[in-house]
Amino acid sequence: MLAVLGFATLGSFMLLVMRKHLSAFTAIMLTPIAAAVIAGKGTELGDMIMNGLDTVAPTAALLLFAVLYFGLMMECKLFEPIVQVIVRASKGDPVRIVVGTAVLSLLVALDGDGTTSYMIVCSAFLPIYRRLGINPLILATLAAMALGTISGTTPWGGAATRGISVLHLSATEYFVHMIGPMALTSLAIIAVAYWLGVRERGKLDGEKLAAYKLEIASGEAFEPVKADWRMWFNAALTLLLMVLLIAEVADLLVLFMVAFVIALLVNIRSIGDQQDLIKRQAANAVPVMILVLAAGVFTGIMTDSGMIKAMADAALSIVPEGWGNVIPLFTAILALPLGFFMSNDGYWFGVVPVLAESAAHYGIPANEIARAGAIGQILHMMAPTSAPLWVLLGLVKAELGDFQKHALRWGVLVSAAYIAFALLTGAISIT
C-alpha cells in the first residue's frame with residue numbers, strides 16, 4: 001500500500017510540474033501532504049515536516065550566502081580582467097577565441113546562476129563571434145556544457161543543492177570528492193573547444209581575421225580595465241575561499257558566510273548600498289532557497305511515513321541480487337536521459353531518493369548517488385526543461401532544434417567522460 005501510494009505521489013508530482021499545472025514549490029509540498037492524509041498519517045504531519053526542514057536548513061543557508069558572495073564578485077567586475085586577458089591571448093586566432101570561451105564559461109559558472117553566466121559569456125564573446133563569422137552555436141554549446149559541469153556539480157548550484165537537501169548530506173563531503181572529476185571534465189570541455197575552433201578556423205574569411213588581429217595588437221579592440229586594490233583583494237579572497245574549501249577547514253556554510261561579510265565590508269562601505277546589493281542578489285537566491293525548504297517538507301513526509309523505504313523495497317525486488325554494486329553507475333547513466341527529458345525537481349525530488357534508498361541496502365553511501373545524479377546536468381542544460389537555455393538561445397538568436405543538433409553529440413561525449421572520471425577517481429564506485 002505505501003509503495004503504491006509513494007509511486008502515485010511521485011507520478012502526480014512529476015505530472016503536475018511537467019504539465020505546468022502547479023509550480024514546483026507548491027506541488028512538492030501538496031502532493032506528499034495529500035498522500036500522508038490518505039495513508040492515515042495526517043496527525044503526524046507537523047512532526048514529519050519539521051524533521052524534514054531541520055535536515056535542509058543548513059543547505060538553504062549555504063545556497064543563500066554562496067549566491068550573495070558570487071553575485072557581489074560579479075558586480076565588482078572580478079572576471080572582466082580575465083576576459084581581457086583571454087581576448088589578448090587569443091591574438092585574433094579563432095581556436096584561441098573558442099578555447100577562451102570555454103575557459104570563461106567554466107569560471108563564471110561558479111556563481112551557480114545560469115542566466116547570469118550566459119549573459120557574461122555572451123556579452124564578452126558574442127560580438128567577437130559575429131565580427132569574425134564564427135558559428136554562435138559553438139558558444140552556446142560550450143556555455144551549456146560548462147554550466148552543467150560546474151554549476152550542476154557545486155553544492156551551491158541548483159541541481160547539487162537539490163541532491164544534498166533531499167538526501168540529507170554534508171555539502172563538504174559531497175563536494176570534495178567531485179572536485180577531481182569536475183576538473184577533468186572541464187579539461188575535456190576545453191579539448192572539445194579546441195577541436196571546434198580548429199574546424200571553424202578553416203571556414204572563416206582570412207581578411208576579417210587579419211583586420212581583427214591588428215585591432216588586438218594595437219589595443220583598439222576593447223577598453224582596458226584597471227585592477228585596483230579591491231579587485232586584487234577580491235581575487236585573493238576568492239582563491240583563499242577555494243583553498244579553505246578543499247582543505248575542509250570549516251563547513252562550506254561558515255566559509256561562505258564569513259567570506260561574504262568580509263567582501264561586503266571591503267567593497268561596499270555604505271549601509272544603504274549594502275542593503276541594495278542584498279536585495280538585488282536575493283532575487284537569484286530566494287527561488288531556489290524556497291525549493292530547498294519545500295524539498296525538506298517532501299522528504300520529511302515521504303521518509304517518516306515509510307513511503308520511500310516501501311518504494312525502494314519494491315524496486316529492489318525486481319533487481320537481480322548480484323547487480324546491487326552497479327547502482328551508482330546505473331544512476332549516472334540514467335541521469336543522462338532523465339536529466340534531458342525531466343525537470344530537475346522531478347528527477348532530484350522523485351527519482352533520486354528511491355535510488356539512494358535502494359543503494360543503501362547494498363551499503364552504498366547516498367553521497368555516491370548524489371554525485372552520480374549530478375553528471376546528467378550537462379544534458380539537462382541542453383534540454384527544453386532548462387529555463388536558462390531559452391535565455392542563451394535568445395542571446396545567440398538560435399532555434400532550439402538547431403542548437404540541439406549541434407550540441408547533443410558533444411554533450412553526450414563529455415557526459416560519458418564525466419562518468420569515466422567519476423569512476424576513475426572514486427567519486428562513484430563499482431564494488
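One-based numbering along the sequence shown.
- Annotation: side chain of V103 is in contact with side chain of L107 (closest heavy-atom distance under 4.5 Å).
- Listed for the R162 side chain is no donor-acceptor partner under 3.5 Å among the backbone atoms of W348.
- Distance CG/L355 to CG/L167: 9.5 Å, rounded to 0.5 Å.
- Checked by atom type, the side-chain pair S429/E368 shows a donor-acceptor distance below 3.5 Å.
- A distance of 8.5 Å separates OG1 in T161 from OH in Y174, rounded to the nearest 0.5 Å.
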request  = Could you check I419 against I333 for side-chain contact (heavy atoms from CB on, under 4.5 Å), going step by step and ending with a plain yes or no?
outcome  = CA-CA 8 Å; I419 294 173; I333 295 172; 4.2 Å; yes

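- When side chains are defined from C-beta on, S305 counts as touching M48, because their heavy atoms get closer than 4.5 Å.
- Sorted by first and then second residue, the side chain to side chain donor-acceptor pair (under 3.5 Å) pairs involving residues 61-72 (not counting sequence neighbours) are Y69-T238.
- Looking at I278 and F260, their side chains come closer than 4.5 Å, going by heavy atoms from C-beta outward.
- Here E75 pairs with R280 under the salt bridge (charged side-chain N to carboxylate O under 4.0 Å, His left out) rule; sequence neighbours left out.
- For Y418, the ring pair (Phe, Tyr, Trp, His ring centres under 6.0 Å) test picks out no residue, with sequence neighbours left out.
- Atoms OG1 and CE, from T149 and M381 in turn, are 9.5 Å apart once rounded to the nearest 0.5 Å.
- One distance of note links CG of L106 with CG of L142; it measures 8.5 Å at 0.5 Å rounding.
- For the pair A422 and P181, the tightest heavy-atom approach, listed with the atom from each and the gap, is CA-CG, 3.9 Å.
- Here the side chains of L45 and I33 are in contact, with some heavy-atom distance below 4.5 Å.
- When all heavy atoms are compared, the tightest approach of A250 to T172 is O-OG1, 4.5 Å.
- Taking 4.5 Å as the limit, every side-chain heavy atom of V396 sits out of range of all side-chain heavy atoms of Y129.
- In this view, T31 and T9, S12, F13, L16, F298 satisfy the side-chain contact (heavy atoms from CB on, under 4.5 Å) rule, not counting sequence neighbours.
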Output a table of donor-acceptor pairs, distance under 3.5 Å, between side-chain atoms of residues 188-195 and any protein atom two or more places apart or on a different chain; print 'none' if there are none.
none

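- Minimum heavy-atom separation, A144 to F403: CB-CZ, 4.1 Å.
- Note that CG of L334 and CD1 of I327 are 11.5 Å apart. Values are rounded to the nearest 0.5 Å.
- No donor-acceptor pair closer than 3.5 Å links the side chain of E200 to the backbone N or O of I134.
- From S415, atom OG reaches atom CG of L408 across 9.5 Å, with rounding to the nearest 0.5 Å.
- When every heavy atom of A27 is checked against every heavy atom of P32, the shortest pair comes out as O-CD, 4.1 Å.
- Among pairs with a residue in residues 175-189, none fulfils side chain to side chain donor-acceptor pair (under 3.5 Å), at least two apart in sequence or across chains.
- Contact detail for L169 and A366: the closest heavy-atom pair is CD2-CB, 3.7 Å.
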key: Chi angles and distances behind the side-chain contact (heavy atoms from CB on, under 4.5 Å) call for M178, T154   = CA-CA 8 Å; M178 281 300 279; T154 53; over 6 Å; no

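- In this structure, L265 places its CG atom where more than 12 heavy-atom neighbours from other residues, nucleotides or ligands lie under 6.0 Å away.
- Across E173 and R371, no two heavy atoms sit closer than the pair O-NH2, 3.0 Å.
- Between L237 and W232, the closest side-chain pair of non-hydrogen atoms is not below 4.5 Å.
- Considering only heavy atoms from C-beta on, L53 comes within 4.5 Å of V297 through its side chain.
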inquiry  = Run F65 and V258 through side-chain contact (heavy atoms from CB on, under 4.5 Å) and show every step you take.
reply    = CA-CA 9 Å; F65 284 99; V258 173; over 6 Å; no

request  = Check the pair V412, L336 against side-chain contact (heavy atoms from CB on, under 4.5 Å), reporting the backbone distance first and the verdict last.
outcome  = CA-CA 8 Å; V412 171; L336 303 184; 5.7 Å; no

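- Using a 4.5 Å heavy-atom threshold, the side chains of L147 and S105 count as separate.
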